[in-house]
Protein chains: 2
Amino acid sequence: MDGLAQLSFLVQNSLARHATEHSLSLVQTRLLGILRDREPTMNELARLLELDKSSVTGLIDRAERRGLVERIASLADRRAVLVRLTDEGRSLVAQVSTLFELDVSRMLECLPVSDRDALSRLVSRALVAHAANRGVDLFATIDSARTAGSVR
Amino acid sequence: MDGLAQLSFLVQNSLARHATEHSLSLVQTRLLGILRDREPTMNELARLLELDKSSVTGLIDRAERRGLVERIASLADRRAVLVRLTDEGRSLVAQVSTLFELDVSRMLECLPVSDRDALSRLVSRALVAHAANRGVDLFATIDSARTAGSVR
DNA sequence: TATTGTTATACTCTATAACTATA
DNA sequence: TATAGTTATAGAGTATAACAATA
């Protein structure tokens with residue numbers, strides 16, 4: 001109930017804090033997280049981030065200016081542009097991701113192992129049940145949560 | 001573990017979605033949520049929202065222009081300005097809050113009652129343990145989570 | 001014609017620095 | 001002198017609409 005909201009703010013705060021410490025916004029961090037295992041087109045990025053394509057243009061402009069990502073012409077479709085993480089971008093997202101995971105781990109370590117397992121089981125059950133309940137609609141949300149959370 | 005991150009994004013997405021449907025940003029929604037049971041000064045708002053005071057000036061400017069809040073001269077300190085929710089603002093935050101609570105409830109209804117109770121118990125235990133573990137530092141975060149979450 | 005991406009424009013949100021008025 | 005708040009300015013993030021190039 002209310003605890004879930006509190007918990008979600010704790011998790012988000014942790015992510016936001018570590019992002020800010022590395023001069024990243026939440027969106028930039030989500031972007032880099034997505035790019036860790038993909039080289040999507042601008043269009044795909046817009047869908048993954050649930051943003052307008054023009055917003056993604058600006059987002060990539062700024063990230064490219066900082067040397068975190070690079071644009072690559074697609075060979076398959078000459079209209080399309082692929083986005084790739086640079087070494088610097090990869091290193092940066094790895095740092096933020098490590099700190100964030102550490103935070104979540106520390107939060108969970110407050111619980112005895114048995115509770116931790118139970119919590120993990122209940123959370124996945126809630127996620128699965130929720131997804132099943134809402135069908136397609138929710139799959140989009142879950143996917144965006146996963147990719148966003150894959151920061152992680 | 002990773003599920004917690006996913007869950008937090010689900011909760012945040014729900015809040016963001018209902019806020020957007022009512023032409024509110026997340027920050028505006030947090031603002032209105034805070035004002036439901038308080039009439040803070042600009043300075044106190046800056047602390048509660050963890051923003052610079054100049055950011056709060058702009059935030060209140062825009063909310064006031066929309067008729068959601070009003071500035072009131074403080075009688076105690078002639079430098080200070082109190083911020084109060086208007087009837088329209090109160091009605092708006094009530095709508096968003098209701099829809100959000102409904103979402104969270106629906107998500108929890110996917111679980112059998114016994115699991116729901118267990119989850120609730122574990123989440124509060126994690127929050128309490130976490131707070132105790134980090135001391136003052138975390139109290140600030142928890143408080144901001146609570147006030148933000150009191151949207152709720 | 002439809003799709004991919006960029007540009008132009010406008011608004012919100014945020015911070016820093018300089019300022020005014022009051023304490 | 002210190003504090004409360006505003007203003008000026010700059011930059012990120014977002015969307016809509018118009019556009020170019022390609023499919």
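In this text the structure is predicted, and so the values were computed from the model without any measurement. Chain letters run A, B, ... following the sequence lines, proteins first and then strands; every chain starts at 1.
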Checklist entry - Between A/D103 and A/R106, is there a salt bridge with N-O shorter than 4.0 Å? => result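 A salt bridge links A/R106 with A/D103.
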[atom1] of [X] versus [atom2] of [N]: gap in Å, rounded?
X     : N      : atom1 : atom2 : answer
B/L49 : D/dG5  : CG    : P     : 13 Å
A/L51 : D/dA12 : CG    : C1'   : 13 Å
B/M42 : C/dT22 : CE    : C1'   : 16 Å

Checklist entry - So what does A/S74 touch, heavy atoms closer than 4.0 Å: a base, only the sugar-phosphate, or nothing? => result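 Result for A/S74 = nothing.
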Next on the checklist: Considering every strand and a 4.0 Å limit on heavy-atom distances, what is the contact class for A/N43: base, sugar-phosphate, or nothing?
Outcome noted: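 Sugar-phosphate contact only.
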Item to check | DNA chain D contacts made by residues 53-68 of chain A, counting heavy atoms under 4.0 Å | outcome: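 Per residue number, the list reads A/S54, A/S55, A/L59, A/R62.
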Checklist entry - Has the side chain of A/Q28 got a donor or acceptor atom that lies under 3.5 Å from a matching backbone atom of A/S25? => result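 Here the side-chain-to-backbone pair does not exist.
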Item to check | Side chain of B/R78 - closest among C/dG5, C/dT14, C/dT22 | outcome: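 Of the candidates, C/dT22 comes closest.
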Checklist entry - Roughly how far, to the nearest 0.5 Å, is CG of B/L68 from CG of B/L24? => result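 With rounding to 0.5 Å, CG (B/L24) is 6.5 Å from CG (B/L68).
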Checklist entry - Are A/S54 and A/D52 close enough that a side-chain donor and a side-chain acceptor fall under 3.5 Å? => result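 The criterion, which ignores hydrogens and geometry beyond distance, is satisfied for A/D52 and A/S54.
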Checklist entry - Just checking, is any N or O donor in the side chain of B/E70 or B/T86 under 3.5 Å from an acceptor N or O on the other one? => result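 No donor-acceptor contact under 3.5 Å links the two side chains.
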Checklist entry - Can you find an N or O donor on one side and an acceptor on the other, under 3.5 Å apart, linking the side chain of B/R79 with the base of D/dT3? => result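 By the distance-only test, yes, there is a pair.
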Item to check | Non-hydrogen side-chain atoms of B/E39 and B/V83 separated by less than 4.5 Å | outcome: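 No. Closest side-chain heavy atoms not under 4.5 Å.
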Checklist entry - C/dT6 phosphate, OP1 or OP2: any side-chain N/O from A/R71 under 4.0 angstrom? => result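 True: A/R71 side-chain N/O within range (under 4.0 Å) of C/dT6 OP1/OP2.
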